[in-house]
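Inspection log for the structure reproduced underneath, given as structure tokens.
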Amino acid sequence: MEVTLLGTGDTTGTPTVGCDCETCTAARDQGVERSRFSVHVRNERTDESLLIDASPDFRAQFLDRDVSLPDAAMVTHIHFDHLDGLGNAFRLFRELPVAAANQTDPETDESVADTIERKYDYLDALSVAGKEPIEPFELCGFDVTLVPVRHPPLVCYGVVVKDPETDAKLSITGDTNYAIPEASRERLADPDLLVADAIAPAAFCEHHPAGGDHHDSEGVPRTFGTKHMTREGALALADELGAAETRLVHVSHFFPAEEAFAEPLAVDGERYRL
Ligand SMILES: [Zn+2]
Ligand SMILES: [Zn+2]
Ligand SMILES: [Zn+2]
């Protein structure tokens with residue numbers, strides 16, 4: 001299994017358009033980028049590729065990185081930065097199957113699969129398959145599972161990708177706060193690589209109108225606002241899950257410049273072989 005982190009940023013990305021903060025300036029100086037979230041997973045046995053989340057930066061990501069166009073895609077939730085790249089399928093794909101959860105979201109009265117179907121009704125290349133969370137299914141020769149996470153007010157899902165032949169395991173938290181349900185934690189546990197949402201450092205919670213949540217025994221918030229994990233929360237989760245390797249993603253420009261490019265915060269283009 002070859003994993004390429006195509007997009008490691010939050011919804012504005014780094015550098016953020018029009019921003020001259022020290023972190024965005026440092027990113028420009030160092031020539032590194034955190035575009036909107038997407039992960040490319042290649043099955044080296046079957047030579048198939050799976051795209052997890054469709055970034056609005058799809059075009060630049062596929063031009064910049066040595067990756068093949070996907071044979072299938074999955075979408076974790078309906079926020080712009082994970083979904084709107086699907087429009088790129090127009091005239092690029094004859095056929096692109098898209099898998100997403102089939103559970104109705106009380107907030108939208110639709111499942112993620114329903115929303116994709118409705119929004120991309122005009123794209124004949126897309127075929128959407130609604131999948132039951134927690135139930136593994138086969139995609140690109142992998143065993144894949146969508147696991148419910150917590151990203152209020154919308155439903156959102158983490159993704160577990162396992163190679164049934166080699167037992168290689170990739171766990172992606174999706175956009176989530178620290179309160180991931182126990183059944184999902186069990187599915188995410190013991191990955192060779194954990195890709196975890198860590199939008200900001202815990203210290204930055206004081207700048208969020210909702211502050212922080214899910215504090216640890218030392219009072220450190222593991223959730224930033226209500227929707228995402230802090231760096232500290234993501235690292236605590238990695239520890240709890242027993243991840244062999246961890247990369248922090250969905251990273252914002254709110255990390256101070258001296259921390260923003262330190263380990264284990266990911267930047268675009270990183271590649272792992274599991
Ligand atoms: Zn900035
Ligand atoms: Zn989101
Ligand atoms: Zn997001």
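Counting starts at 1 for both ligands and their atoms, in listed order.
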- Query: Does a side-chain N-to-carboxylate-O contact under 4.0 Å join Arg36 and Asp57?
  - Reply: yes
- Task: Restricting to N/O/S, name the atom of His82 that gets closest to the Zn ion (ligand 3).
- Result: NE2
- Do any N/O/S atoms of His77 come under 2.8 Å of the Zn ion (ligand 3)? no
- Item | Short N/O/S contact of His228 with the Zn ion (ligand 2) (below 2.8 Å) | no
- The atom name of the N, O or S atom in Asp81 nearest to the Zn ion (ligand 3) is OD2
- Cluster overlap Val41 with Tyr272, hydrophobic side-chain contacts below 4.5 Å: yes
- Query: Is it true that Asp84 and Lys119 make a salt bridge, defined as a side-chain N closer than 4.0 Å to a carboxylate O?
  - Reply: yes
- Message: Strictly under 2.8 Å, is the Zn ion (ligand 3) approached by any N, O or S atom of Asp197?
- Response: no
- Query: Hey, does Ile199 have a side-chain heavy atom less than 4.5 Å from the side chain of Asp197?
  - Reply: yes
- Taking both backbone and side-chain atoms into account, decide whether His79 has an N/O/S atom under 2.8 Å from the Zn ion (ligand 2). yes
- Honestly, is Arg185 close enough over Tyr178, meaning NZ or CZ under 6.0 Å from the six-membered ring centre and within 45° of the axis? yes
- Query: Rounded to 10°, how big is the angle at the Zn ion (ligand 1) from Cys19 SG to His253 ND1?
  - Reply: 110°
- If we only count heavy atoms from C-beta on, is the Pro153 to Lys227 side-chain gap below 4.5 Å? yes
- Of all the atoms in Asp175, is at least one N, O or S atom closer to the Zn ion (ligand 2) than 2.8 Å? yes
- Determine, for Glu263 against Arg247, whether the closest basic-nitrogen to carboxylate-oxygen distance falls under 4.0 angstrom. yes
- Message: Strictly under 2.8 Å, is the Zn ion (ligand 2) approached by any N, O or S atom of Cys156?
- Response: no
